[in-house]
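Remarks on the structure that follows.
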Amino acid sequence: DVQLQASGGGSVQAGGSLRLSCVVSGFTFDDYAIGWFRRAPGKEREGVSCINIGDGRPYYENPVKGRFTISSDNARNTVYLQMNNLKPEDTAVYYCAAGSKTKILSTLLTPDGYDFWGQGTQATVSS
């Protein structure tokens, strides 16, 4: 019954914004770290950001620092990724994933640290 549903993708001009949502079910939300990953056309999957990793701080990879913000609404079992000042290189399918806090605290955005994955949502940024 573990499921993650990503939504909120779309098409925007460079400099615009999107807010992605990930609704999780089937496990206790507070016990799991949630990560966002993306896969650009012709590229390998890469980590973006993660939250609930045990130290009270979110983590961001360098390409999105200062532009993206991860947050959560625990009562709704939902994690958000606010993406501002978007660039064409942000174009990708974005995936959310869940893993145990004890594992993710040390591995952060290593994909094999995450046990459950959503279906992904497409974000397209034009020049």
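The shortest heavy-atom contact between Ala6 and Cys96 is CB-SG, 4.0 Å. Gly8 and Thr121 make their closest contact through N-OG1, 3.9 Å (heavy atoms, listed as atom of the first residue, atom of the second, distance). Nearest heavy-atom pair, Ala14 versus Ser127, reported as atom, atom and distance to 0.1 Å: CB-CA, 4.5 Å. Nearest heavy-atom pair across Gln122 and Ala92 is NE2-O, 3.4 Å. Nearest heavy-atom pair, Ala40 versus Thr91, reported as atom, atom and distance to 0.1 Å: CB-O, 3.5 Å. Arg45 and Pro111 get closest at one heavy-atom pair: NH2-CB, 3.5 Å.
The same ILVMFWY cluster, assembled from side-chain heavy atoms under 4.5 Å apart, contains both Tyr60 and Val79. Hydrophobic clustering places Leu20 together with Ile70 (ILVMFWY residues linked when any side-chain heavy atoms are closer than 4.5 Å, directly or through intermediates). Note on Tyr95: it does not cluster hydrophobically with Val23, by side-chain heavy-atom contacts below 4.5 Å among ILVMFWY residues. No chain of hydrophobic side-chain contacts below 4.5 Å, direct or via other Ile, Leu, Val, Met, Phe, Trp or Tyr residues, connects Ile34 to Tyr80.
Between Lys101 and Asn52, some side-chain heavy-atom pair lies under the 4.5 Å cut-off. Side chains of Glu89 and Val125 form no contact here, defined as non-hydrogen atoms less than 4.5 Å apart.
With rounding to the nearest 0.5 angstrom, the OG atom of Ser25 is 11.0 Å from the CZ atom of Phe116. Within the model, atoms CZ of Phe37 and SG of Cys50 stand 7.5 Å from one another, a figure rounded to the nearest 0.5 Å. The line from OG of Ser17 to CZ of Arg67 is 10.0 Å long, rounded to the nearest 0.5 Å. Atoms OG and CD, on Ser21 and Gln5 in that order, are 12.0 Å from each other to the nearest 0.5 Å. Residue Arg19 holds its CZ atom at 15.0 Å from CZ of Phe68, rounded to the nearest 0.5 Å. The CE atom of Met83 sits 11.5 Å away from atom OG1 of Thr69, with the distance rounded to the nearest 0.5 Å.
The list of side chain to side chain donor-acceptor pair (under 3.5 Å) pairs with a residue in residues 28-40, not counting sequence neighbours, reads Asp30-Asn74, Arg38-Glu46, Arg38-Asp90, Arg38-Tyr94.
Within 6.0 Å of the NZ atom in Lys43, the count of heavy atoms belonging to other residues, nucleotides or ligands does not exceed 12.
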* Yes or no on side-chain contact (heavy atoms from CB on, under 4.5 Å) for Leu109 and Tyr114, after CA distance, side-chain angles and deciding distance? -> CA-CA 9 Å; Leu109 288 167; Tyr114 293 81; 3.9 Å; yes

